[in-house]
Amino acid sequence: MQFDFNAYSTPLLFGFVQGWVYAILLWIRGRREERLSDILLGWVLIGCSLNIWEYMLGFGGIEVLWRELEFFPRTLGYLFPVLCYFYLKSQTNAEFRFSRRDIWHAVPFLLFVVYHVSVFAMGPAFVSEWQKTVHYPYYVETAEFVIGIGIDILYLYWALQLYRQYQSWIRNQFSEIDTISFRWFRNFMIAMAVTSLFGLIMTLISLAFNLNFWQDWWDELAGVALIYYVSIEGYAQVQVARRLTFRNEPVPVQAPDAVLVAADTMPMVVSTPASEAPDTTEARTAPLLPPDLSERLTNLLNYMATEKPYLDPDLSLADLARRLHTNPVLLSQVINTGTGKNFNDFINEYRVDEFKRQVHDPATMHLSFLGLALNCGFNSKATFNRAFRKFTGTSPGEFLNELKKAA
């Protein structure tokens with residue numbers, strides 16, 4: 001039995017090998033660093049690889065799957081979207097571990113395996129007869145296909161919901177979120193949805209026009225592209241030092257009541273020493289608060305003005321709460337209710353104001369554009385540019401050009 005390297009089989013073989021090589025690398029790293037997310041991502045890659053290996057062997061002239069292993073489970077099937085979902089859970093919560101209540105996620109896959117292995121164990125003759133009299137006539141294969149699509153959609157939806165909740169959580173916990181946003185995984189979910197949709201379309205086209213094995217190939221090539229993206233981006237992503245512990249809990253925000261008044265209707269101007277007030281920024285406003293929160297907000301704003309904790313690029317809600325001798329939940333309540341901002345926006349607006357102040361400071365004239373941004377607490381040019389445009393409505397370059405014209 002010799003593998004035939006041709007224009008159809010070779011790209012699939014490369015993708016298959018790529019998936020297995022990176023899966024092993026992820027398992028080794030996951031075991032060494034005790035990182036469950038790496039182990040799960042390795043299994044995601046195995047799932048991607050098994051999704052294309054039938055066609056890879058078929059185009060290569062090896063038909064063992066259709067002869068000796070007919071009806072035997074050949075892919076991770078219903079378990080694949082489950083692995084993707086739990087990979088995201090383990091990435092966003094370093095303390096996540098599987099429990100007994102998670103077993104139900106594997107039930108559809110286990111039922112599928114039991115059914116197929118039970119029929120397969122009866123021998124080739126029984127398998128052939130079973131397919132002719134039961135599996136195809138009673139649309140069992142069609143039901144399996146539809147259930148698979150339903151499971152894919154369900155777990156994709158759950159993963160997107162989890163991702164959105166996580167994004168909301170980090171904005172209320174950290175001042176720097178670029179390295180922990182996992183945008184590559186969002187792109188992976190989109191790519192997986194597109195790949196699955198393309199595969200469904202190819203299946204329908206194949207049924208409608210009775211395409212042969214060689215014509216029904218393009219969705220397998222899309223699977224190879226998915227393997228390369230997941231393996232390279234997933235393995236190369238920055239592994240942050242902080243241990244994330246997102247548990248899918250709602251962000252603590254105090255609900256408004258009769259005492260609270262919207263910030264845009266009842267402003268309370270917070271005074272700042274003239275030497276520290278930025279020339280180009282309007283005074284910050286905050287809503288009228290209950291006495292306890294109002295006092296805490298005043299203390300917070302005074303601390304921000306005098307101690308400038310926002311200059312620490314790794315500042316988190318927990319860090320700031322520790323400095324203020326309070327707890328993160330209460331501090332988040334004060335920031336969210338008192339300023340109308342999440343923690344990330346609250347801190348980055350101070351950094352933008354600091355940048356605008358330092359632009360006029362002779363002591364920082366020697367710093368480059370990026371150096372000045374880093375000096376103000378930002379940790380990357382991209383984060384700075386995004387925050388600056390958000391809070392000023394203009395880019396840093398346009399802002400500096402206006403300053404030069406005014407001078």
message: Determine whether a donor-acceptor pair (N or O, by modelled atom type, separation under 3.5 Å) exists between the side chain of Arg35 and the backbone of Arg31.
response: no
message: Has Ser128 got a side-chain atom pairing as donor or acceptor with Ala125's backbone, closer than 3.5 angstrom?
response: no
message: I'd like to know if Arg357 and Glu354 make a salt bridge, using a cut-off of under 4.0 Å between side-chain N and carboxylate O.
response: yes
- prompt: Around Arg386, counting heavy atoms of other residues, nucleotides and ligands shown, do more than 12 lie under 6.0 Å from its CZ?
  reply: yes
- prompt: Do Arg186 and Arg164 have side-chain heavy atoms sitting under 4.5 Å apart?
  reply: no
message: Which residue is it: Phe109, Phe145, Phe112, Tyr155? I am looking for the one with a ring-ring contact (aromatic ring centres under 6.0 Å, His included) to Tyr78.
response: Phe112
- prompt: Which class fits the ring pair Trp169 and Phe246: parallel under 30°, tilted 30 to 60°, perpendicular over 60°?
  reply: tilted
Side chains of Gln131 and Glu141, donor plus acceptor under 3.5 Å: no
- prompt: Between Thr92 (side chain) and Leu88 (backbone), is there a donor-acceptor pair under 3.5 Å?
  reply: yes
Least distance between heavy atoms, Ile52 atom then Phe16 atom: CD1-N, 3.9 Å
task: Over all heavy atoms of both residues, which pair between Leu45 and Gly19 is shortest? Give the atoms and the distance, please.
output: CB-O, 3.8 Å
task: Kindly assign one of parallel, tilted or perpendicular to the pair Phe346 and Tyr350, based on the angle between their ring planes and the thresholds 30° and 60°.
output: perpendicular
- request: Salt-bridge test for Lys390 and Asp345: reply yes if a basic N is under 4.0 Å from a carboxylate O, no otherwise.
  value: yes
message: Before you tell me yes or no, could you show the steps for His135 and Glu129 under side-chain hydrogen bond (donor to acceptor under 3.5 Å, both in side chains), namely the whole-Å CA-CA distance, both residues' side-chain angles and the distance that decides it to 0.1 Å?
response: CA-CA 9 Å; His135 193 68; Glu129 186 65 22; over 6 Å; no
- prompt: Just wondering, are more than 12 heavy atoms of other shown residues or ligands nearer than 6.0 Å to CH2 in Trp43?
  reply: no
message: With a 6.0 Å cut-off on the ring centroids, do Phe96 and Phe98 count as close?
response: yes
message: Please check: side-chain N/O of Tyr163 versus main-chain N/O of Ser181, any donor-acceptor pairing under 3.5 Å?
response: yes
- request: Using a strict cut-off of less than 4.0 Å between a Lys/Arg side-chain nitrogen and an Asp/Glu carboxylate oxygen, indicate whether Arg67 and Glu63 qualify as a salt bridge.
  value: yes
message: Among Leu370, Asn385, Val352, which residue satisfies the side-chain contact (heavy atoms from CB on, under 4.5 Å) criterion with Phe378?
response: Val352
Phe388 ring center near Phe399 ring center (under 6.0 Å): yes
message: Using every non-hydrogen atom in the two residues, find where Asn6 and Thr10 come nearest and quote the distance to one decimal.
response: O-OG1, 2.8 Å
- prompt: Got a sec: does the CH2 of Trp20 have more than 12 other heavy atoms crowding it under 6.0 Å?
  reply: no
- request: Tell me, with the steps shown, if Val230 and Leu41 meet side chain to side chain contact (heavy atoms under 4.5 Å, CB included).
  value: CA-CA 9 Å; Val230 175; Leu41 184 59; 3.8 Å; yes
message: Hydrogens and angles aside, do Asp319 and Ser316 bring a side-chain donor and acceptor to less than 3.5 Å of each other?
response: yes
query: Is there a side-chain contact between Val224 and Phe14, using heavy atoms and a 4.5 Å cut-off?
result: no
query: Does Thr195 reach the main-chain N or O of Ala191 with its side chain, forming a donor-acceptor pair under 3.5 Å?
result: yes
query: Would you call Glu295 and Leu300 a side-chain contact if the rule is heavy atoms closer than 4.5 Å?
result: no
query: Are the aromatic rings of Phe80 and Tyr85 close, with centres under 6.0 Å apart?
result: no
task: Over all heavy atoms of both residues, which pair between Leu324 and Tyr303 is shortest? Give the atoms and the distance, please.
output: CD2-CG, 3.6 Å
message: Looking at Glu307 and Arg323, is there a salt bridge between them, counting it only when a charged N and a carboxylate O are closer than 4.0 Å?
response: no
task: Please tell me if the side chains of His116 and Val113 come closer than 4.5 Å, counting only heavy atoms from C-beta onward.
output: no
task: For Glu398 and Ser395, indicate whether the former's side chain and the latter's backbone hold a donor-acceptor pair under 3.5 Å.
output: yes
Contacts of Phe120 that satisfy ring pair (Phe, Tyr, Trp, His ring centres under 6.0 Å) - sequence neighbours left out: Phe72
Centroid-centroid under 6.0 Å between Tyr55 and Tyr8 rings: no
field: Donor-acceptor pair, side chain of Asp38 and main chain of Arg29, under 3.5 angstrom
entry: no
4.5 Å side-chain heavy-atom contact, Tyr115 and Leu111: no
task: Could you verify whether a donor N or O on one side chain and an acceptor N or O on the other, from Gln18 and Ser231, lie under 3.5 Å apart?
output: yes
task: For side-chain hydrogen bond (donor to acceptor under 3.5 Å, both in side chains), just list the numbers for Arg351 and Ser175, CA-CA rounded to whole Å, side-chain angles, deciding distance to a tenth of an Å, and then say yes or no.
output: CA-CA 10 Å; Arg351 290 169 175 167; Ser175 63; 2.9 Å; yes
- request: Return the minimal non-hydrogen interatomic distance between Arg97 and Glu34, and the atom names on each side.
  value: NH2-O, 4.4 Å
task: Say whether, by atom type as modelled, one donor and one acceptor occur between the side chain of Asn336 and the main chain of Lys341 under 3.5 angstrom.
output: yes
message: Can you tell me if Tyr139 has over 12 outside heavy atoms packed within less than 6.0 Å of its OH?
response: no
- request: Could you tell me whether Arg183 sits above the aromatic face of Phe188, with NZ or CZ closer than 6.0 angstrom to the six-membered ring centre and within 45 degrees of the axis?
  value: no
- prompt: Atom CD in Gln91, atom CD in Gln237: separation rounded to 0.5 Å?
  reply: 4.5 Å
- request: State whether a side-chain donor-acceptor pair under 3.5 Å links Asn342 with Asn344.
  value: no
- request: Would you kindly say whether Asp178 and Thr383 are connected by a side-chain donor-acceptor distance under 3.5 Å?
  value: yes
message: Keeping Trp27 on the side-chain end and Ile39 on the backbone end, is there a donor-acceptor pair under 3.5 Å?
response: yes
field: Asn172 side chain to Ser168 backbone, donor-acceptor under 3.5 Å
entry: yes
message: Working to the nearest 0.5 angstrom, can you tell me the gap between Arg322 CZ and Asn327 CG?
response: 12.0 Å
query: Taking all non-hydrogen atoms of both residues, which atom of His360 and which atom of Lys356 are closest, and how far apart?
result: CD2-O, 3.1 Å
field: Residue that, paired with Val334, satisfies side-chain contact (heavy atoms from CB on, under 4.5 Å) out of Asn299, Val329, Thr339, Leu293
entry: Leu293
field: side chain to side chain contact (heavy atoms under 4.5 Å, CB included) between Phe384 and Phe369, worked out
entry: CA-CA 11 Å; Phe384 168 63; Phe369 179 85; 3.5 Å; yes
